[in-house]
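From a predicted model like this one, the values you see are computed outputs, not experimental measurements.
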Amino acid sequence: PDTVSLTAKCGERMQALLSPSGNWRGLIPEIAEYCNDDEIRLFFRGKKTMFQDIVDAITQYRGDVKFYPDLEICEDEADVTPMYSERMTEFYISYNPYLQKTVFKKNGKAVSESSSLEARNGERIQAVLSPSENWEGLIPEIAKYCNDDEVRLFFRGRRIDFQDIVYALEQYQGDVKFYPEFENCKDEGGILTELDQIMAELEAKNLPEFGKSDSYQRTVFDNYRRAKNGIFEVSVIATMSSGKSTLINSILHTDLLPSKNEACTATIAEILDNDKMNGYEAECYDAEGNQIFSRSAVNPEKMVQYNSDQRVRRISIEGNIPSVPSDKIRLCLRDTPGPNNSRDENHEKLTQDVIHQGNTVVLYVMNATQLSTNDDKQLLTDIAQEMKRRGKEARDRFLFVINKCDQLDEEKGETVEKVLKNVRSYLQGFGIENPILIPSSARLALLIRKNAQGLELSRSERQDLRAVEDYVEVEELHFERNAVLTPTVSGKLKKELSRCHEKGDRVGEALVHTGVPVVEAVIAEYIEKYAYPFKIHDAVKDIILRLDELNMKARFEAKVAEDQSALEKAKEQIARGKQKYQASRKLYEDSKKKIRELIPPSKRIAEESKMPKEEDTILHVETECEKLTKEYSNV
């Protein structure tokens, strides 16, 4: 099945599979878990030398399963038929998401500088996977460039990006047969630690080039620290009565936002993650940004008060968002009012900004029992346009959460599968293809988490909490099975369910089945795939620019030291350029004067109306002169 972690490893080299990495415990332990038997007869077809590696891995295995390895191969290894021709084209992709640099090679040689592939090497891999103007998408472009029936496709980078390559291959409709292989790049866990050390060393050197301040009076080190401590926004948009506030509260593990107060839709609530805080603190602002209520501890009762105050337009909250650690990036949950709210006409502009700003996740919460509303039609049209414009990356950042799935009446034929089918059809009507759908019951997730913290539950809440057993026993309530997930997220959820099952934690199992942990896992994956690399890219780009400048300076000084005449020649060229500029300027002025004197005043007015403006002509001359002297500017 596609949800099994073994399937996600297809296309990797055997040596890489045998060793543990991240959430992968190694091939032999993973096979043992998947087979779930005391004894396994293990057939291997391949080279004898590789079979010996399998045997060695079994020898080192410390589990309880007994393996019986069998070699299924001809005596002559040359008789083994490979799955692909060795004469086929080999295409290599190396992707560094932190520098946004991609290397393309065909049969070991870099692609032509004039090719469309080389022109896209500074973009995110997810951006080039999707088609755009004069670009058919990465896989079709590779197929066209290789001009072969079969292509062996090597990808070196992160597994999370390789999964997008595999997804693009699945969508490819062409005639070329691709054989993908994956090579994992350096573990990214320590990247920020290493960067911190490098930055500390550079700062300690007190180099004047790094001490310069920008227009905001910040050095490159200040900008590095700002980028490293960056904030990642998750905006929540909802249709009517979808349980938006309940979903946010379930992520916060407590009732903070009012879920039944009509006024709650009139203000913007922003919750900034701070893992060091126990409770929540808030301050309120009006439409002009003036503070209405100063920062203080906040609870549900205060939130009702803030939302009811006609002056309040924005509530800024800070506290711990438990399910999302802030060691790599700080999360900001934004409860976004509907664009048609009559209390503030700026809400429509805010919603548009959320949809189009990029590098944020948008949770679009829908009611499973009431999918279509008049208010969401323009929103969905705008989202469809954004997804078409930005492709795979935009598809990943719009998550459609189908809430209140626990209220479906199966006896009336209302099943999760049927609802999701209807949602796909509904969204397709707006041009939204292959959306990420996550069914959920935010209310049960909130009750489970409140109860785990020892928070007081009402009588009706305690009664609703009894549904935990149903969520464990009834497969139709295992909402994560119907969610649109990547193999990575699916594998993590599967392991969490296995851990809960082994510990007899039925409440933990039910929580995963509610779908809210699925939402959190998908957000975490987006941060890992896009936000975290983009943050590192922002953090180092200024440093790299300064280092490049230092390198250029060093090379120029070395050249001058090697040949002093090079400097003298450059000075002469600059002087001649200035002379030519002055001469051409004088010629222009003299000629213009002579022409004006030849033309009668009445005709001159008519002719001048057809001629370019004087300042345009001067600008053109200056532009051409600048091109001549640009090479020597500031040297």
Task: Centroid separation Tyr471 to Phe479 less than 6.0 Å - done: yes
Open item on the list: Looking only at the side chains, is there a donor atom on one of His253 and Ser323 sitting less than 3.5 Å from an acceptor on the other?
Closed with: yes
- [ ] Please lay out, stage by stage, how Leu42 and Ile28 fare under the test side chain to side chain contact (heavy atoms under 4.5 Å, CB included).
- [x] CA-CA 10 Å; Leu42 184 63; Ile28 303 304; 4.3 Å; yes
Open item on the list: Taking the six-membered ring for Trp, are Tyr61 and Phe67 closer than 6.0 Å centroid to centroid?
Closed with: yes
Task: Gap separating the NE2 atom of His537 from the CZ atom of Phe534, nearest 0.5 angstrom - done: 7.0 Å
Task: Flag if over 12 foreign heavy atoms under 6.0 Å of CG, Asp548 - done: yes
TODO: Carefully, step by step, assess Glu33 and Arg25 under the rule salt bridge (charged side-chain N to carboxylate O under 4.0 Å, His left out).
DONE: CA-CA 10 Å; Glu33 181 190 14; Arg25 291 170 295 174; 2.3 Å; yes
TODO: Before giving the answer on side chain to side chain contact (heavy atoms under 4.5 Å, CB included), spell out for Leu493 and Leu485 the whole-Å C-alpha distance, their side-chain angles and the decisive distance to 0.1 Å.
DONE: CA-CA 10 Å; Leu493 295 171; Leu485 305 174; 3.7 Å; yes
Open item on the list: Rounded at 0.5 Å granularity, tell me how far OH in Tyr145 sits from CG in Leu117.
Closed with: 7.0 Å
Open item on the list: Donor-acceptor pair, distance only, cut-off 3.5 Å: does the side chain of Arg158 make one with the backbone of Asn96?
Closed with: no
- [ ] Heavy atoms only: give me the nearest Ile527-Pro533 pair and the separation to one decimal.
- [x] O-CD, 3.9 Å
Task: Non-hydrogen atoms of Ile251 and Glu520 that approach each other most closely - done: CA-OE2, 3.7 Å
- [ ] Compare all side-chain heavy atoms of Ile139 with those of Leu169 and state whether any distance is below 4.5 angstrom.
- [x] yes
- [ ] Would you sort out whether Glu502 and Arg499 count as a salt bridge (charged side-chain N to carboxylate O under 4.0 Å, His left out), showing the intermediate values?
- [x] CA-CA 5 Å; Glu502 290 170 5; Arg499 187 190 66 80; over 6 Å; no
Task: Proximity of Phe178 and Tyr172 rings by center, below 6.0 Å - done: yes
Open item on the list: More than 12 heavy atoms of other residues, nucleotides or ligands under 6.0 Å from CG of Asp38: yes or no?
Closed with: no
Open item on the list: Under 6.0 Å between ring centres: does that hold for Phe182 and Phe162?
Closed with: yes
- [ ] Name all pairs fulfilling the side chain to side chain donor-acceptor pair (under 3.5 Å) condition that reach into residues 110-121, sequence neighbours left out, sorted by first residue then second.
- [x] Ser112-Ser114, Ser116-Glu141, Glu118-Asn121, Arg120-Glu123
Open item on the list: Measuring from atom CG of Leu420 to atom CD of Glu417, what distance do you get when rounded to the nearest 0.5 angstrom?
Closed with: 7.5 Å
Open item on the list: If the threshold is 4.0 Å, N to carboxylate O, is there a salt bridge linking Glu480 and Lys494?
Closed with: no
Task: Asp53 vs Met14 side-chain heavy atoms within contact, under 4.5 Å - done: no
Open item on the list: For the NE2 atom of His513 and the SG atom of Cys500, what is their distance to the nearest 0.5 Å?
Closed with: 9.0 Å
- [ ] Verify the neighbour count for atom CG of Asp409: are there more than 12 heavy atoms of other residues, nucleotides or ligands below 6.0 Å?
- [x] yes
Task: Gln100 (side chain) donor-acceptor with Tyr98 (main chain) under 3.5 angstrom - done: no
Open item on the list: Can you tell me how far apart CZ (Arg424) and CZ (Phe400) are? Round to the nearest 0.5 Å.
Closed with: 12.0 Å
TODO: Kindly give the heavy-atom pair with the smallest separation between Ala445 and Val516, and that separation in Å.
DONE: CB-CG2, 3.4 Å
Task: Flag side-chain contact, heavy atom, 4.5 Å: Asp149 against Asp175 - done: no
- [ ] Decide yes or no for Tyr95 and Lys101: does some side-chain heavy atom of the first lie under 4.5 Å from some side-chain heavy atom of the second?
- [x] no
- [ ] Return yes when atom CG of Asn551 has more than 12 non-hydrogen atoms of other residues, nucleotides or ligands closer than 6.0 Å, and no otherwise.
- [x] yes
Check residues 433-440 and write down every donor-acceptor pair under 3.5 Å in which the side-chain atom is one partner and the other belongs to a residue at least two apart or another chain.
residue : atom : partner : partner atom : Å
Glu433  : OE1  : Gln428  : NE2          : 3.1
Ser440  : OG   : Asn403  : OD1          : 3.1

Task: Closest heavy-atom pair and its distance - Glu469, Arg506 - done: OE1-NH2, 2.8 Å
- [ ] Determine, stepwise, if the pair Thr89 / Arg152 fulfils side-chain hydrogen bond (donor to acceptor under 3.5 Å, both in side chains).
- [x] CA-CA 6 Å; Thr89 301; Arg152 193 176 178 187; over 6 Å; no
Open item on the list: Taking the side chain as everything from C-beta on, heavy atoms only, tell me whether Leu333 gets closer than 4.5 Å to Ile248.
Closed with: yes
TODO: May I ask you to decide if Asp273's main-chain N or O and Arg330's side chain share a donor-acceptor pair within less than 3.5 Å?
DONE: yes
Task: Least distance between heavy atoms, Val416 atom then Asn482 atom - done: CG1-ND2, 3.8 Å
Open item on the list: Tell me the closest heavy-atom pair linking Leu511 and Pro517, and the distance in Å.
Closed with: O-CD, 3.2 Å
Task: Donor-acceptor under 3.5 Å (Ser250 side chain, Leu247 main chain) - done: yes
Open item on the list: Test your reading of the model: is there a side-chain donor-acceptor pair from Asp164 to the backbone of Gln126, 3.5 Å cut-off?
Closed with: no
Task: Glu90 bridged to Lys106 by N-O distance under 4.0 Å - done: no
Task: Tyr526-Tyr530 aromatic ring centre distance below 6.0 Å - done: yes
Open item on the list: What's the separation between atom CD1 in Ile383 and atom CG in Leu427, rounded to the nearest 0.5 Å?
Closed with: 8.5 Å
Task: Candidates Glu181, Glu12, Glu183 - the one meeting salt bridge (charged side-chain N to carboxylate O under 4.0 Å, His left out) with Arg156 - done: Glu183
Open item on the list: I want to check something: taking the side chain as every heavy atom from C-beta on, are Met366 and Val423 in contact at a cut-off of under 4.5 Å?
Closed with: yes
Open item on the list: Is there a side chain to side chain contact (heavy atoms under 4.5 Å, CB included) between Tyr224 and Leu195? Walk through the geometry before answering.
Closed with: CA-CA 10 Å; Tyr224 171 77; Leu195 276 176; 3.3 Å; yes
Task: Within 6.0 Å of CZ in Arg13, more than 12 heavy atoms from elsewhere - done: no
Task: Student check: side-chain heavy atoms of Asp396 and Lys529 closer than 4.5 Å - done: yes
Open item on the list: Distance alone, cut at 3.5 Å: any donor-acceptor contact between the side chains of Thr360 and Arg397?
Closed with: yes
- [ ] Apply salt bridge (Lys or Arg N to Asp or Glu O under 4.0 Å) to Glu476 and list each qualifying residue two or more places apart in sequence or on a separate chain.
- [x] none
Task: Flag, side chain of Asp505 to backbone of Gly508, donor-acceptor distance under 3.5 Å - done: yes
Open item on the list: Within the 4.5 Å heavy-atom criterion, are Leu138 and Ile165 side-chain neighbours or not?
Closed with: yes
Open item on the list: Any carboxylate oxygen within less than 4.0 angstrom of a Lys/Arg side-chain nitrogen, looking at Lys177 and Glu150?
Closed with: no
Task: With Leu399, the side chain to side chain contact (heavy atoms under 4.5 Å, CB included) member among Val362, Val518, Val236, Ile523 - done: Ile523
